[in-house]
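Just so you know, these numbers use all the heavy atoms, side chains as well, and skip hydrogens, waters and symmetry mates. Numbers restart at 1 for each chain; the letters A, B, ... are given by sequence-line order, proteins then strands.
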Number of protein chains: 2
Amino acid sequence: MNIDDIAKLIGVSNATVSRAINNSGYVKEETRRKIFEVIEKHQYVPNAVARSLSTRDTLSIGVIIPDIENEFFSSIISGISEVAEQNHYNIHFLGSNETLGIEHAFLDTVQGQRLSGVIITPISEVDPITKARLIHLEKSGIPVVLVDRDIDDAIFEGVFVDNIAGAYDGVNELIKAGHRKIAIIKGPETSKPGKERLIGYKKALEEANIDLSCEYMVPGNFKIMHSYKGTEVLLNLSDPPTAIFACSNMTTLGCLKYLTEKKIKLGKDISLIGFDDIEILKLIDYKISVIDRDAKQQGREAMRLMLERLKNKGEKKHTRFNVPYQVILRGSERLDR
Amino acid sequence: MNIDDIAKLIGVSNATVSRAINNSGYVKEETRRKIFEVIEKHQYVPNAVARSLSTRDTLSIGVIIPDIENEFFSSIISGISEVAEQNHYNIHFLGSNETLGIEHAFLDTVQGQRLSGVIITPISEVDPITKARLIHLEKSGIPVVLVDRDIDDAIFEGVFVDNIAGAYDGVNELIKAGHRKIAIIKGPETSKPGKERLIGYKKALEEANIDLSCEYMVPGNFKIMHSYKGTEVLLNLSDPPTAIFACSNMTTLGCLKYLTEKKIKLGKDISLIGFDDIEILKLIDYKISVIDRDAKQQGREAMRLMLERLKNKGEKKHTRFNVPYQVILRGSERLDR
DNA sequence: CTGAAAGCGCTTACAG
DNA sequence: CTGAAAGCGCTTACAG
């Protein structure tokens, strides 16, 4: 059942049916009524693939996110979807699972499907293939909007957070609470959040005249198990830290897992501040201090930026901005003595 | 840049380029080499929209899930994606946000986009519009696979869990622990899990000769706040229950939120068993007993069922089965006296 | 207010 | 091994 079948059934041309469906151009009221009657009766739904080919517009946005099981990203998606829906855009969600190969393949999918735009949290800031494909997308008229993570040289639009200031403020709270031996479980330094949160950490220590110690800066990749091991390394140092700055929600969880297993008491044996809040822990009033921001809002803003681009036929205004963050102190930054 | 441009650049016909790209039919080795050279050089990616229109196959599966911020569903999606990727299918993820209107619109999208199939956790078992659209999809040759929730009359294939047995076993553990005053925070009775878990609960009580009390059966909709309020109602009864069966992970969380706020101690003042585990609570060793199953595996199985249907050109074998569940006791089902 | 016709960018039997 | 041509199901200037 296609548009020609519908047209034949009524005795008009497919052009007329098309006009009625799309509410474009004139159609006699009676004809229009008949058309919708037949459509209704046969439950005809126009073929969007054909429509897209003809109009050269898919009205769909690709969303590429590294980890769908991370609540931060599900909130982002949720925000994007909300705004997309209101504006009658479909979203094609693609989870890269923090794997570059998958990310590359998805970028090809975006190109192949001729999606209207792509919103992406790229895994790495320096991966040349992702960068090249994103540039190529823009060249082919498919706007790119970044969320939270960046690409080399800041050439794309995007919605971020001030990681440096956030980390700085957070670590400062640890210092204010009397800590001098402050460790960091880092994020990947090939990502904007990983890189910048480390900068904020260093800046806070330096201003407080605390010497930086390599031993106190352990690598991480925003994954629970990696952070678990990082915590283990830290706490087995001959001179262990008294406080830890965990660079993401997953990092915080890995850290908590280790502390829990070893029965090391938060706020008593060790202090902790994390980046990004953890909803479930709030519900059960498990108190960890965090630097937080509204991820859903960040998703909404990203989609709005995309709509802006789309409205201006892809013209880039180079809009890049941060959503606000806040430091939420719940006590885990202190030691009760 | 389209296939004709590529063809012209080399001096062959578009048919030849198409054959080379799709590795179908013969193409002289030298011609093939030249073609890929040019494709590489211009970063040409074939237009999948045109291809789909021509082949009448999108190689994409629609996935409609009610709540992306629920870890149960993100695991399902994760399992579906894994198997889809291995088999070179794209997935179009659509979050209905437990809203029927959105679900209906998405089903139209699936139809309109002529997706190859749809995997859905329908919000309600009895919604006539969803049911009609699913039937229509099957009629148009788009296979439907259900995950976890069902549609009236069990007319579709799907992957579920034995909710009755699971709930029965779980509640039995409460009874074994000495409880007689056992409440349930229900799921929507218009959904298979909601309905069946209630049946399992009743069955366990009846077999133990415990009278069913209406007061002990409070409604719920698998949402945190609803369950929070349900818990409040239960604990303010003149004769409150000593144990609660929470019908989903979100239900458990709402319950925990209330208990936490009121400083009611789990395993001391009240017992609890929930349906579906909560990953983060495991990490911090917050002990709640649950009936659990492997959601990711359930997603994988659903996608495999879909592949099976697709391979048999949509022929329905009426495969419906359950993934196994297990009861995990961590102490919250008992009262320490 | 309506229709004929070209075009969107592919694929694929068919003929050679 | 390759090309001409029809077709997938729409949209949209153009003409009337």
Residue pairs meeting side chain to side chain donor-acceptor pair (under 3.5 Å), one or both in residues 37-60 of chain B, sequence neighbours left out, come to B:Asn22-B:Arg51, B:Asp57-B:Ser116, B:Thr58-B:Ser116
Of all heavy-atom pairs linking A:Val147 and A:Ile119, the shortest is CG2-CG2, 3.3 Å
Could you go through nucleotides 9-12 of chain D and list every protein N or O atom that sits under 3.5 Å from one of its N or O atoms, giving the distance for each pair?
unit_1, atom_1, unit_2, atom_2, d
D:dG9, OP1, B:Arg56, NH2, 2.7
D:dG9, N2, A:Ala50, O, 3.3
D:dC10, OP1, A:Tyr44, OH, 2.6
D:dC10, OP1, A:Asn47, N, 3.3
D:dC10, OP2, A:Ile3, N, 2.6
D:dC10, O5', A:Tyr44, OH, 3.2
D:dC10, O2, A:Ser54, OG, 3.4
D:dT11, OP1, A:Asn22, OD1, 3.4
D:dT11, OP1, A:Asn22, ND2, 2.8
D:dT11, OP1, A:Arg51, NE, 3.0
D:dT11, OP2, A:Ser18, OG, 2.4
D:dT11, OP2, A:Asn22, ND2, 3.3
D:dT11, O4', A:Ser54, OG, 2.7

Residue set satisfying ring-ring contact (aromatic ring centres under 6.0 Å, His included) with B:Phe106, at least two apart, ordered chain then number -> none
With sequence neighbours left out, the residues meeting side chain to side chain donor-acceptor pair (under 3.5 Å) with A:Asn23 are none
Dot-bracket assigned to DNA chain C with the 3.5 Å Watson-Crick/G-U criterion, [ ] for crossing and | for other-strand pairs, is |||.||||||||.|||
> Do the ring planes of A:His92 and B:His92 sit parallel (below 30°), tilted (30 to 60°) or perpendicular (above 60°)?
Replying inline: tilted
Quick note, side chain to side chain donor-acceptor pair (under 3.5 Å) partners involving residues 118-129 of chain A, not counting sequence neighbours, are A:His104-A:Asp127, A:Glu125-A:Lys195, A:Asp127-A:Thr130
Rounded to whole Å, CD of B:Glu29 lies from P of D:dT2 at a distance of 11 Å
Q) What distance, rounded to whole Å, do you find between the two C1' atoms, one in C:dT12 and one in C:dG16? A) 16 Å
Considering residues, nucleotides and ligands other than A:Phe36, do more than 12 of their heavy atoms fall under 6.0 Å from its CZ? yes
Under a 3.5 Å distance rule, please check whether B:Asn97 uses its side chain to pair with a backbone N or O of B:Thr99 as donor and acceptor. no
Describe the nucleic acid contact of B:Ser52 in one word from base, sugar-phosphate, nothing, applying a heavy-atom distance below 4.0 Å. nothing
B:Asp5 atom CG is separated from C:dG7 atom C1', nearest whole Å, by 15 Å
Whole-Å distance, A:Tyr26 OH to D:dA15 C1', equals 16 Å
